[in-house]
2 protein chains.
Amino acid sequence: MSNSVPEISDAEFSVLDVLWQQNPASANDIIAKLNETKPWHEKTVKTLLNRLVKKQAINYQKQQRSYLYSPLIERESYLVKQSKTLVDKLFRGHLSPLVTGFAQQSRLKKDDIDALKSIIADWEKEKKDD
Amino acid sequence: MSNSVPEISDAEFSVLDVLWQQNPASANDIIAKLNETKPWHEKTVKTLLNRLVKKQAINYQKQQRSYLYSPLIERESYLVKQSKTLVDKLFRGHLSPLVTGFAQQSRLKKDDIDALKSIIADWEKEKKDD
DNA sequence: ATACATAGATTACAAGTGTAATTATAAAGA
DNA sequence: TCTTTATAATTACACTTGTAATCTATGTAT
């Protein structure tokens with residue numbers, strides 16, 4: 001079956017990320033949003049949009065003269081896949097060394113800790129249910 | 001000051017990873033080790049070694065006719081940097097959504113849970129110490 | 001001394017990426 | 001209708017990457 005998510009480059013990801021926040025969006029919307037943080041030329045963003053279309057990562061529908069773009073790949077599953085890819089590559093599939101290294105480096109926030117607690121709680125419950 | 005770790009491609013990383021396990025190592029050592037898991041031609045591995053040298057990610061010293069290579073960048077800090085880069089890019093610096101997504105996807109192992117507990121314990125202690 | 005083998009150095013080459021400029025096309029205004 | 005002007009499509013171009021093949025220099029065997 002499905003879908004073998006296409007490879008998305010870093011620059012392309014930034015464009016996709018805007019579309020995940022604002023869907024659909026015109027090229028100009030996207031350019032404006034990106035330019036809040038990146039000094040990218042309009043033409044550059046158009047190129048990235050075209051490449052994403054070609055990769056079937058996004059979609060568009062004609063709206064008068066211009067297009068309205070939408071993501072075709074789901075944010076959640078993309079993020080999970082990327083996380084897993086990195087953890088597999090760097091830590092042979094083990095999450096804990098990532099968390100440990102990360103925790104030493106940059107201090108965890110309270111919500112990080114809460115999330116970890118809740119994950120542990122779920123895990124303990126599952127274990128009991130087995 | 002330091003060091004702005006060079007960009008390491010995926011293929012290059014695999015080579016570096018061997019050197020982190022076995023330091024120093026000859027080209028042939030590395031080729032043999034890599035060929036346990038990857039069908040890479042000898043010439044390919046040599047190319048990767050050269051690129052890593054050029055990037056100053058590794059080093060060598062002449063040993064008779066051949067070289068003995070060693071890593072110049074430290075494994076720990078490289079892994080932490082890559083983790084942070086990904087978490088910044090995908091989750092705007094927050095670790096928890098990564099862990100949550102990861103936990104949903106692929107079941108955590110007991111040692112992952114233990115590591116998480118110990119991280120939480122450390123965090124609680126630190127908080128108290130403030 | 002000469003030929004072969006072997007390690008490293010150099011070169012190759014297509015695909016992907018960052019970063020646009022140029023061209024074509026269609027709507028809108030003169 | 002002709003011209004200007006937005007948009008989108010096509011082309012550009014250098015750098016990186018994956019994946020080697022070829023060249024060169026130096027030990028080794030005859």
Side-chain angles (χ1 to χ4, degrees), chain A residues 4-19 24-70 72-73 78 82 85-86 89, chain B residues 4-19 24-70 72-73 78 82 85-86 89:
Chain A
S4 78
V5 176
E7 295 305 310
I8 306 292
S9 79
D10 278 355
E12 288 162 2
F13 174 80
S14 302
V15 172
L16 197 49
D17 203 22
V18 169
L19 277 175
S26 71
N28 283 340
D29 291 343
I30 295 167
I31 291 162
K33 185 74 177 172
L34 284 171
N35 282 343
E36 290 173 13
T37 56
K38 323 217 178 216
W40 290 350
H41 196 286
E42 159 206 11
K43 304 296 189 181
T44 299
V45 178
K46 299 277 185 93
T47 298
L48 295 171
L49 284 168
N50 280 326
R51 289 179 182 169
L52 285 167
V53 168
K54 195 160 296 168
K55 290 179 178 182
Q56 296 187 267
I58 70 175
N59 220 203
Y60 61 82
Q61 55 182 132
K62 269 198 182 80
Q63 164 83 348
Q64 24 102 66
R65 264 171 76 30
S66 65
Y67 294 171
L68 284 184
Y69 295 89
S70 301
L72 281 181
I73 69 188
Y78 181 79
Q82 293 309 299
T85 298
L86 188 88
K89 173 182 158 188
Chain B
S4 78
V5 177
E7 295 305 310
I8 307 292
S9 79
D10 278 355
E12 288 161 3
F13 174 80
S14 302
V15 172
L16 198 48
D17 204 21
V18 169
L19 276 174
S26 70
N28 283 340
D29 292 343
I30 295 167
I31 290 162
K33 184 74 178 172
L34 283 172
N35 282 344
E36 291 173 11
T37 55
K38 324 218 178 215
W40 289 349
H41 196 286
E42 158 206 12
K43 304 296 188 181
T44 300
V45 178
K46 300 275 187 96
T47 298
L48 295 172
L49 283 168
N50 280 326
R51 288 181 182 167
L52 284 167
V53 168
K54 195 160 296 167
K55 289 180 179 184
Q56 297 188 267
I58 69 176
N59 220 201
Y60 61 82
Q61 53 182 133
K62 269 198 182 78
Q63 165 84 346
Q64 25 101 66
R65 261 169 79 32
S66 66
Y67 294 171
L68 283 184
Y69 295 89
S70 302
L72 282 180
I73 70 188
Y78 181 79
Q82 293 310 298
T85 298
L86 189 89
K89 173 181 159 191

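Lettering follows sequence order; numbering is per chain, from 1.
As rounded to whole Å, 11 Å separates atom P of D/dA9 from atom CZ of A/Arg65. Rounded to an integer number of Å, the gap from CG of A/Asp10 to P of D/dT17 is 12 Å. Rounded to whole Å, atom P of D/dA20 lies 13 Å from atom NZ of B/Lys38. The nearest whole Å value for the distance from the CD atom in A/Glu12 to the C1' atom in C/dG18 is 10 Å. B/Ile31 has its CD1 atom 11 Å from the C1' atom of C/dG8, to the nearest Å. Rounded to whole Å, atom P of D/dT10 lies 8 Å from atom CG of A/Asn50. Counting to the nearest Å, the C1' atom of D/dT19 and the CG atom of B/Leu48 are 9 Å from each other. Nucleotide D/dT7 holds its P atom 12 Å from the CG atom of A/Leu68, rounded to whole Å.
Each of A/Gln64 and A/Ala11 was assigned the nucleotide of DNA chain C with the nearest heavy atom; the assignment lying further toward the 5' end belongs to A/Ala11. Two residues, A/Ser66 and A/Arg51, neighbour DNA chain D, and the one matched to the more 5' nucleotide by heavy-atom proximity is A/Ser66. Two residues, B/Tyr69 and A/His41, neighbour DNA chain C, and the one matched to the more 5' nucleotide by heavy-atom proximity is B/Tyr69.
Closest to the side chain of A/Lys55, out of C/dT17, D/dT19, C/dA9, is C/dT17. Taking every side-chain heavy atom of A/Lys46 into account, D/dT7 is the closest of D/dT7, D/dT19, D/dA12.
Using a 4.0 Å cut-off, no side-chain N or O of A/Lys43 falls inside it from OP1 or OP2 of C/dA21. For C/dT19, one of the phosphate oxygens OP1 or OP2 lies less than 4.0 angstrom from a side-chain nitrogen or oxygen of A/Trp40. Of the side-chain N and O atoms in B/Tyr67, one or more sit less than 4.0 angstrom from OP1 or OP2 of C/dA9.
When heavy atoms are screened at a 4.0 angstrom cut-off, B/Ser9 is found touching the sugar-phosphate backbone but no base atom. Residue contacts for A/Asn28: at a heavy-atom cut-off of 4.0 Å it reaches the sugar-phosphate backbone alone, with no base atom in range. Among the atoms of the strands shown, base atoms are found under 4.0 Å from some heavy atom of A/Thr47.
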Quick one: do B/Leu52 and B/Leu72 satisfy side chain to side chain contact (heavy atoms under 4.5 Å, CB included)? Show the steps, please. CA-CA 10 Å; B/Leu52 284 167; B/Leu72 282 180; over 6 Å; no
Would you check, one step at a time, whether the test side-chain hydrogen bond (donor to acceptor under 3.5 Å, both in side chains) holds for A/Asn50 with A/Thr47? CA-CA 5 Å; A/Asn50 280 326; A/Thr47 298; 5.8 Å; no
Run the numbers on B/Glu12 and B/Lys55 for salt bridge (charged side-chain N to carboxylate O under 4.0 Å, His left out), then give the verdict. CA-CA 10 Å; B/Glu12 288 161 3; B/Lys55 289 180 179 184; 2.7 Å; yes
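Taking CD of A/Gln56 as the reference point, atom NZ of A/Lys54 lies at 12.0 Å (rounded to 0.5 Å).
Looking only at atom types and distance, the side chain of B/Ser66 has a donor-acceptor partner in the side chain of B/Gln64 under 3.5 Å away.
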